[in-house]
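The shown structure was predicted, so the numbers you read here are calculated from the model rather than taken from an experiment. Any value given below was found using the heavy atoms of this structure, including those in side chains, with hydrogens, waters and symmetry copies removed.
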There are 2 protein chains.
Amino acid sequence: MEKLPTIKEIAKQLKVSVSTVSRALSDHPRIGLGTKLKVQQLAKEMGYEPNAQAIFFKQKKTYVIGVVIPYIREEFFSQAISGIESAAMEHQYTILFGQSYDDPEREKAVVEAMKKQRVDGLIISLSKQTNRYDHLEALNKFEIPVVYFDRVPPFKEAHKVFCNLYKGTVDMVGWLFNKGYRRIAFINGPDKLNASKERMNGYIEGISKQKLKVDMQMVEKTDLSKESTHNAMKKLLALKHPPTAIITFNDYVHMDAVQYAQKQNILVNKDIVFVSYANLPITSYTAFPPLVSVEQYPYGQGERAMELMIKILSEKTDNKITNTSFYVEELPATLVAYQQATAGG
Amino acid sequence: MEKLPTIKEIAKQLKVSVSTVSRALSDHPRIGLGTKLKVQQLAKEMGYEPNAQAIFFKQKKTYVIGVVIPYIREEFFSQAISGIESAAMEHQYTILFGQSYDDPEREKAVVEAMKKQRVDGLIISLSKQTNRYDHLEALNKFEIPVVYFDRVPPFKEAHKVFCNLYKGTVDMVGWLFNKGYRRIAFINGPDKLNASKERMNGYIEGISKQKLKVDMQMVEKTDLSKESTHNAMKKLLALKHPPTAIITFNDYVHMDAVQYAQKQNILVNKDIVFVSYANLPITSYTAFPPLVSVEQYPYGQGERAMELMIKILSEKTDNKITNTSFYVEELPATLVAYQQATAGG
DNA sequence: TTGTAGGCGTTATCAT
DNA sequence: ATGATAACGCCTACAA
């Protein structure tokens, strides 16, 4: 059991100084070619890897970005992480990973742990319940920039990446209208989510735009649990004039809603058509995927969030004026027919 | 934007030495009460936070565990990561995350990056293609323990956590036999995977145990892509005596196989019944989940892998004799009817 | 071209 | 009870 070699070891074996080794390894101009090759070869032989921990001392940089999401098991987030990781790898960053399980306490603990690790930056999609932000603002003290994605905070003073669901929702209502549907219901998510508000506004605008009148009986809410969604469905189906089309908050709600409809012997996408948000690959394996979806590009959001982070970090390094402005990237949420899955086992 | 204060600053302001400050802050016994209070108060006023990185650096410990998996978007692995993260949090460890995308080159690069970050240990589920292990053995050599899970290497000298699929497969064949099925086909995964070999052996043993004869026409292979699975199905359905039951390598293969069967107007789970491995929650949303599954407990495997890692690390710290033995945890793979999904949105 | 020395923040080991 | 100093691995300004 040997220790990982240091430049000191290499220097000793080659009977040169540590600075020579350091220079040789970093392709410094003022170094003899012979020496350089000799050092690099031995370094490789010994399995040398620079100690990022030590480098942190000099540069005060860890090349680690913390990533906090609610649930990794949700395909939306696992795809987002892929986008984040992919962009990170390209720029030699690594990612420290944590889940909040939609619990603000847990979120706080995870953020705390990342602060301790001195991540260079934090990318986070907020927990459903989060309404205080002090644990995140505390990062400012450490000059750790925070980029929010998808579940972003309501205030302006933050870097954010998200999809404009308002427009996507207006489009979706329009699509249904054009197909001839008039009784368009909506199962929305928790009020406090920004995403719920946007969808709601889009729904209202979409309905109004078609000269229909907004009927609040057609609007239900779910806390995203299966029971809650089933309950919303129950209410909708009990209406004197039940809906002919149902927009659901996301694909999970869609699947739960469809499940309930089937139990009631409703012919899904025939008696009632279902449309949704997210467009997750798994829906293509289900019996009744949404007819159309508002695509939210989880991979793209993750990728953009990471690229934004890198931009922010490099501006910091370049010592530009202490930046008081915040970046906001609003990706378009486009309407798409459901996608084929590609999950390969 | 001022920098965080260090013990040095505090020492200077109080005109005491850094060691005194260090001791005062860590409640060292040999320190004057007055001094202690004075230091602690000023530290609080200045918003002092110990620099964990500096401490880790000195201790040669990062409290970070690297985790490398093929694809996070696969539910099996996202659940495994959850188990890993959960156990990690409990012991104040954080996890550095990377995907291999089933590409050995990428796997090597990720492992490399983690070595650079000086992770205290590495938990990995191998890429499908990995057949060289030097990049991983190098870590063991350098006192970075490696724990494999699920996709484990074929050799003995490694810490591993995995499910015994052999027994699970024997049980599954038995279950089908008891239900009256006799023409039991098997779509296996790539030969080189340990998991494929185990399933194959279990299949052969299961068939033989029921006094049936093994018919190699009933055994097909898939590289786990949709096309490959469809092709396997095509061959099986073209047989003079097509199967009445099909065992698939995992739930993704299952879904692809079912998809193909439906296109051929076969009544799934009626004309032909399907059973599978993994038992992922998403299958409960599909039209035809496997009748039974061999549960592989991804969350449990992840959790056990992390706990094993912590055990190994603490043994190392306790300076027990340089441990030359390896831990192997073989979890039972049990037969279960399909589970209700709980994904909550 | 190469070597020497100081410093990043902290703790441990001496000494006082 | 407190202070001085070395050490962790690396980089870099300065010296040779």
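Within the 4.0 angstrom heavy-atom criterion, no nucleotide atom of any strand lies near B:F56. When heavy atoms are screened at a 4.0 angstrom cut-off, A:S22 is found touching base atoms of the nucleic acid. Here B:I7 lies in heavy-atom contact (under 4.0 Å) with a base.
Mapped onto DNA chain D by nearest heavy atom, B:K58 and A:P50 fall at different nucleotides, with B:K58 at the one closer to the 5' end.
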message: Would B:T130 and B:E107 count as a side chain to side chain donor-acceptor pair (under 3.5 Å) here? Give the steps.
response: CA-CA 9 Å; B:T130 299; B:E107 182 176 281; 2.9 Å; yes
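Ring-plane geometry between B:F97 and A:F97 is classed as tilted, the angle between the planes lying from 30 to 60 degrees on a 0 to 90 degree scale. The aromatic rings of B:Y93 and B:Y63 lie tilted to each other, with the angle between the two planes from 30° to 60°. Using cut-offs of 30° and 60° for the angle between ring planes, the A:H159 and A:F326 rings count as tilted.
The distance from atom CZ of B:R30 to atom P of D:dG3 is 14 Å, rounded to the nearest whole Å. We find that CD1 of A:I10 is positioned 17 Å from C1' of C:dT2, with the value rounded to whole Å. To the nearest angstrom, C1' of D:dC11 lies 11 Å from CZ of B:F57. Computed from coordinates, the B:M46 CE to C:dG9 P distance equals 12 Å when rounded to whole Å. Distance, B:K116 NZ to D:dC10 C1': 13 Å, rounded to whole Å. Per the geometry, NZ belonging to B:K38 stands 12 Å off C1' belonging to D:dT2, to the nearest Å. Between B:Q53 atom CD and D:dG9 atom C1' the separation is 14 Å, expressed in whole Å. Rounded to an integer number of Å, the gap from CD of A:E9 to P of D:dC8 is 10 Å.
Set against C:dT10, D:dG9, D:dC11, the side chain of A:A54 has D:dG9 as its closest nucleotide. Closest approach to the B:R23 side chain among D:dT5, D:dC14, D:dT2 is made by D:dT2 (side chain taken as heavy atoms from C-beta onward). Distance from the side chain of A:V18 is smallest to D:dC11 among C:dT10, D:dC11, C:dT2.
In terms of phosphate contacts, B:K8 brings a side-chain nitrogen or oxygen within less than 4.0 Å of OP1 or OP2 of C:dC8. Between A:K60 and C:dG9 there is a side-chain polar atom (N or O) within less than 4.0 angstrom of OP1 or OP2. Listed pair B:S17 / D:dT2 fails the phosphate criterion, with no side-chain N or O lying under 4.0 Å from OP1 or OP2. Here B:T35 reaches the OP1 or OP2 of D:dT2: one of its side-chain N or O atoms lies under 4.0 Å away.
Under 3.5 Å, the side chain of B:R118 and the base of D:dG9 form no donor-acceptor pair of N or O atoms. For A:S19 and C:dT4, a side-chain-to-base donor-acceptor distance below 3.5 Å is present, hydrogens and geometry of angles not being considered.
Between B:Y71 and B:Y101, the ring center distance clears the sub-6.0 Å criterion. Ring to ring, A:F162 and A:Y148 are not that close: their centroids are 6.0 angstrom or more apart.
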